[in-house]
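Whatever order the structure lists them in is the order used to number ligands and atoms, beginning at 1.
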Amino acid sequence: MLVSVDPVYDPVSEESHKDPYPSYEHLREEFPLYYIARHDVWALSRYADIKNGLRDWETFSSAKGVELGSYVQFFGPGSIQELDPPRHDVLRKILAPRFLNKNVKSYEEMVRITARNLIGEFLQQEHVDLATEFTQKLPIATIFRILGIPESDLKWATKAGLQMLNRPPGESGPSPRAYELRAELVAYFESLVQEQQGGAYCDDVFGDIARAIDSGTMHLEEVQGLTLLLIAAGMETTTSLLGNIVHALGTGQVAGEDLASDQGEMSNTAIDEFLRFDAPAQWLARVTSKEVTLHGITLPTDSRVLMIFASGNRDPRAFENPAELVLSRDGSRNLAFGEGIHFCVGMPLARLETRVGIGELLSALPKFELNAAPVRYPSHVIRGYENIPIEIIR
Ligand code: HEM
């Protein structure tokens, strides 16, 4: 039997928030295509099925949103994550060059200084919450600077961005406050773009967008989705990766020396293994644009399907001993950055922030340990930490 009436898995349940991995294993082994009646969605959990599905964007479309409930299409027009070609490709081309590996290198100094400044603010304390003081602040300050937000507005924009993205537990959609903040941020971003239109282009994302609007490639109303996606994609996921690493250090699951193996910094291999082991974006959805048959079940057109990246990454058909974190493993085939046309634009930046951020943290705080229970980030998609209270050992 491939369809179960038992609640084998509910992506928004308390149980999944706590630890979804037992359910993923159950799905992979017994229900590789599983119908979740409560949300009227299907779930794919095996590595090969997810990879093939993500590569076939014509069958598994992103244009009807990649989330569940009223979070679907929250970012609005211009969010390339929720577009299919040809519009997806046009807008992605505006964004992509700035985030190529060779260009991202120019941000290293800025990321390092940001990390040092953040660490400097709590270094003398005995206790600190590394989630609120470090893992959340580093990615958002970085992406905001790359967007082109003036230093004088960084504090306000950071607070507004963090609050907009916050998802109180139990709420099935964005709060009224999240909608208000979205409107404030979008109006502000549009004004920064408009200031540059007509030729005063800065060397930042707003400059790229202003140039694209002037050339007729992009519309002003698409500023909303493109910039909000960048904030969310640039912040929540990297925060989660950094938090998972910091948490592993704080509990002793890994030792600082093992992580600082590459001239005091993390190697891409170790970063990839953390991504494989606990994918920051656990899943995202697609909607079928035609009938498709998988595991003997025919899904009608317009079926929403969750692609559970995190489950694919623990599939024993793809990775040996997948439930073990093995820092030397070549986990680069993992699905944490997606696959196909929507493959993460920010991978080089995420790796840079992690390498530099964790490197700086380890050199300033070689030893620290968790001194209270950590609190999970209140999201059913992003798996990470809201609070990581630690004690600095001197
Ligand atoms: C560890 C950190 C990160 C993880 C795990 C991650 C994960 C992902 C995943 C899974 C997707 C594919 C979405 C889909 O298939 O629907 C994606 C897309 C994307 N990511 Fe990332 N991301 C990370 C960091 C970043 C950063 C730092 C940026 C900033 C530039 C970024 C920008 C984007 C954008 C713009 C897309 C949409 C691409 C498209 O639809 O063509 N991400 N990311």
Side-chain angles (χ1 to χ4, degrees), residues 44 50-51 53-57 60-67 72-73 75 78-101 103-104 107 111 135 138-147 204-205 208-209 225-245 266 268 271-287 305-310 312-313 331 334-358 381-384:
L44 279 176
I50 298 165
K51 193 162 193 149
L54 293 173
R55 283 180 176 175
D56 182 4
W57 64 265
F60 294 96
S61 162
S62 295
K64 291 187 176 165
V66 297
E67 260 265 23
V72 165
Q73 293 172 325
F75 298 144
S79 165
I80 53 172
Q81 202 177 10
E82 300 188 312
L83 284 172
D84 287 341
R87 197 69 196 142
H88 165 270
D89 299 1
V90 172
L91 296 184
R92 184 169 167 127
K93 265 193 200 132
I94 296 168
L95 208 61
R98 184 163 292 280
F99 294 98
L100 290 174
N101 214 3
N103 295 335
V104 159
Y107 299 127
V111 174
T135 66
L138 180 63
I140 201 158
T142 301
I143 194 69
F144 275 171
R145 290 200 168 98
I146 297 174
L147 278 171
D204 53 37
V205 173
D208 300 339
I209 291 177
L226 202 61
T227 49
L228 294 182
L229 169 66
L230 272 181
I231 299 177
M235 183 234 152
E236 283 186 308
T237 46
T238 315
T239 292
S240 150
L241 171 61
L242 290 169
N244 290 342
I245 298 170
M266 278 183 84
N268 277 343
I271 294 174
D272 283 343
E273 175 61 354
F274 267 99
L275 287 163
R276 184 201 66 78
F277 186 73
D278 209 358
Q282 293 273 296
W283 51 262
L284 286 170
R286 297 292 190 262
V287 175
V305 183
L306 299 191
M307 304 284 181
I308 312 179
F309 312 128
N313 285 349
N334 82 75
L335 299 167
F337 286 118
E339 176 75 29
I341 64 164
H342 293 281
F343 187 84
C344 180
V345 168
M347 180 183 80
L349 179 63
R351 282 178 166 170
L352 173 83
E353 288 177 71
T354 308
R355 178 172 63 73
V356 172
I358 298 294
V381 178
I382 303 294
R383 184 166 169 79

Nearest option to [atom], as decided by whichever heavy atom of [options] sits closest:
atom: atom 25 (C) of ligand 1; options: Pro85, Ala233, Ser79; value: Ala233
atom: atom 13 (C) of ligand 1; options: Gln81, Glu353, Glu339; value: Gln81
atom: atom 11 (C) of ligand 1; options: Phe337, Phe60, Phe99; value: Phe337
atom: atom 19 (C) of ligand 1; options: Ala285, Ser240, Gly234, Cys344; value: Cys344
atom: atom 3 (C) of ligand 1; options: Thr142, Leu349, Ile341, Thr237; value: Thr237

Original post:
Are any of the N or O atoms of Ser62 closer than 3.5 Å to those of ligand 1?
Top reply: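 Checking ligand 1 against Ser62, no N or O pair falls under 3.5 Å apart.
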Original post:
ligand 1 and Arg92, any nitrogen or oxygen pair closer than 3.5 angstrom?
Top reply: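 Yes.
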Original post:
Okay, side chain of Glu353, backbone of Val111: is any donor-acceptor separation there less than 3.5 Å?
Top reply: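 A pair under 3.5 Å: no.
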**OP:** Might you work through the salt bridge (charged side-chain N to carboxylate O under 4.0 Å, His left out) test for Asp272 and Arg351, ending with a clear yes or no?
**Re:** CA-CA 9 Å; Asp272 283 343; Arg351 282 178 166 170; 3.0 Å; yes
Subject >> Atoms of ligand 1, numbered as shown, that sit under 4.0 Å from any heavy atom of Leu284 >> reply: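 Reading through ligand 1 atom by atom, the close ones are 13 (C), 14 (C), 16 (O).
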For [X], which part has a heavy atom under 4.0 Å from ligand 1: side chain, backbone, both, or neither?
X: Ala336; answer: backbone
X: Arg286; answer: side chain
X: Thr238; answer: both
X: Ile80; answer: both
X: His88; answer: side chain

Original post:
Do the side-chain N and O atoms of Arg286 and Ser61 include a donor-acceptor pair separated by under 3.5 angstrom?
Top reply: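 No donor-acceptor contact under 3.5 Å links the two side chains.
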Original post:
With respect to Arg92, which candidate in Ile80, Ile341, Leu226 satisfies the side-chain contact (heavy atoms from CB on, under 4.5 Å) definition?
Top reply: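 In the set Ile80, Ile341, Leu226, the residue that makes a side-chain contact (heavy atoms from CB on, under 4.5 Å) with Arg92 is Ile80.
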Original post:
Applying the side-chain contact (heavy atoms from CB on, under 4.5 Å) test to Trp283, which of Arg383, Glu67, Met307 qualifies?
Top reply: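 Of the listed options, the one satisfying the test is Glu67.
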Subject >> Non-hydrogen atom of Leu335 closer than 4.0 Å to ligand 1 >> reply: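 No heavy atom of Leu335 comes that close to ligand 1.
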Original post:
What's the shortest distance from atom 40 (O) of ligand 1 to any protein heavy atom, and which residue and atom give it?
Top reply: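 So the nearest neighbour among protein heavy atoms is His342 ND1, 2.6 Å.
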Original post:
What's the shortest heavy-atom distance between Ile231 and Leu147, and which atoms?
Top reply: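 That closest heavy-atom pairing would be CG1-CD1, 4.2 Å.
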Subject >> Side-chain touch Phe274/Met266, heavy atoms, less than 4.5 angstrom >> reply: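 A side-chain contact under 4.5 Å exists here.
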